[in-house]
Novice: 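Quick one: the structure is below, questions incoming.
Counting begins at 1 with the first residue of the sequence.
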Amino acid sequence: MVMTSPNAATTARLAPPVGPVPPASPALGVPPANPVLRVPPASPAVAAAHFGASLAFHADVSDVASALAADGDPGFVVVDSRSTASWDQGHIPGAVHLPTALIPAQAARLLDPAVPVVTYCWGPGCNGATRAALALAQLGYRVKEMLGGFEYWAREGFAYETWQGGERRTTDPLTAPVDDADCGC
């Protein structure tokens, strides 16, 4: 078994056994299975290990934007892993353009190995940021993936740059509060 993260061994050890779920028994206080509870929730320890690991690998758009907007060094660099045409169409201000295929040849020239990296691609339907994060991790970089990618950056109303200059879209009310910078998460 190949461990892909420092938490993988812990998660595997704490994972519930795989097998059939016992039938519902109202007499024993077990509610009938529904699509949500057909597979029971993990134990609190397993859930804590899973969600802790998730936060070690992911950052959301709002948190990245907040860190970049704060005074001073955010402590990480943002990498856009998309093609040049995609970069020109729109990218996060200050991001480093490093397409996934070029990471092995150019990462050492463009990135400081002591600085954590946050990767992004188009959006949740694209795994380019995941592939870029993998390539960087294999080269020894500490890396997180920005959930939502460029799509949610633009949809949440954050400024971005194109080959023609800066742009900003109106906040999509399905992705972020329209009149408040803090979603309360």
Novice: Kindly write out the residues that satisfy side-chain contact (heavy atoms from CB on, under 4.5 Å) with Glu161, not counting sequence neighbours, or none if the list is empty.
Specialist: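 With sequence neighbours excluded, Glu161 shows a side-chain contact (heavy atoms from CB on, under 4.5 Å) to His91, Pro93, given in chain and number order.
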Novice: Might you point out which heavy atoms bring Pro35 and Arg38 nearest each other, and give the distance in Å?
Specialist: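 In this case the closest contact between Pro35 and Arg38 is N-NH2, 3.9 Å.
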Novice: Do Tyr141 and Leu98 sit in one hydrophobic cluster, given that two such residues count as connected whenever their side-chain heavy atoms are within less than 4.5 Å of each other, even indirectly?
Specialist: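 Yes, Tyr141 and Leu98 fall within the same hydrophobic cluster.
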Novice: Only one of Leu68, Val118, Val79 forms a side-chain contact (heavy atoms from CB on, under 4.5 Å) with Ile92, so which one is it?
Specialist: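 Only one of Leu68, Val118, Val79 forms a side-chain contact (heavy atoms from CB on, under 4.5 Å) with Ile92, namely Leu68.
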Novice: Take Phe150 and Asp80, measure what side chain to side chain contact (heavy atoms under 4.5 Å, CB included) needs, and give me the verdict at the end.
Specialist: CA-CA 9 Å; Phe150 181 73; Asp80 184 318; 5.7 Å; no
Novice: Looking at every heavy atom in both Gly75 and Val115, which two are closest together, and how far apart are they?
Specialist: O-CG1, 4.0 Å
Novice: Would you please name every residue forming a side-chain contact (heavy atoms from CB on, under 4.5 Å) with Ala101, sequence neighbours left out?
Specialist: none
Novice: Would you say the side chain of Leu147 lies within less than 4.5 Å of the side chain of Tyr152, judging by non-hydrogen atoms?
Specialist: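 Side-chain contact under 4.5 Å: no.
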Novice: Rounded to the nearest 0.5 Å, what separates atom NE2 in His50 from atom CG in Leu55?
Specialist: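 Reported value, rounded in 0.5 Å steps: 9.5 Å.
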Novice: Side chains of Thr130 and Cys126, heavy atoms from C-beta outward: is any pair under 4.5 Å?
Specialist: no
Novice: Might you point out which heavy atoms bring Gly149 and Val61 nearest each other, and give the distance in Å?
Specialist: O-CG2, 3.9 Å
Novice: Answer with yes or no whether the hydrophobic clustering places Tyr160 together with Trp122; edges join I, L, V, M, F, W, Y residues whose side-chain heavy atoms lie under 4.5 Å apart.
Specialist: yes
Novice: To the closest 0.5 Å, what do you measure between CD1 (Ile103) and CG (Leu134)?
Specialist: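 Output value for this atom pair is 9.0 Å.
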Novice: To the closest 0.5 Å, what do you measure between OG (Ser83) and NE2 (His97)?
Specialist: 6.0 Å
Novice: Of all the heavy-atom pairs spanning Ala159 and Trp153, show the shortest one and how long it is.
Specialist: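 Distance-wise, the nearest heavy atoms are O-NE1, 2.7 Å.
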Novice: Going only through I, L, V, M, F, W and Y residues with side-chain contacts under 4.5 Å, is there a path from Leu139 to Leu110?
Specialist: yes
Novice: Nearest 0.5 Å please: distance from the NZ atom of Lys144 over to the CG atom of Asp60.
Specialist: 10.0 Å
Novice: Assess the residue pair Thr119 and Val143 against the criterion (side chain to side chain contact (heavy atoms under 4.5 Å, CB included)); give the C-alpha distance rounded to whole Å, side-chain angles, the decisive distance to 0.1 Å, and a yes or no.
Specialist: CA-CA 7 Å; Thr119 62; Val143 64; 3.8 Å; yes
Novice: Shared ILVMFWY cluster between Val77 and Met146, side chains joined below 4.5 angstrom?
Specialist: no
Novice: Checking side chain to side chain contact (heavy atoms under 4.5 Å, CB included) for the pair Phe158/Ser62: CA distance, chi angles, key distance, verdict?
Specialist: CA-CA 9 Å; Phe158 297 115; Ser62 294; 4.2 Å; yes
Novice: Looking at every heavy atom in both Ser81 and Ala132, which two are closest together, and how far apart are they?
Specialist: CB-CB, 3.5 Å
Novice: Identify the heavy atoms of Phe76 and Ala67 that sit nearest to each other, and give their distance.
Specialist: CE2-CB, 3.6 Å
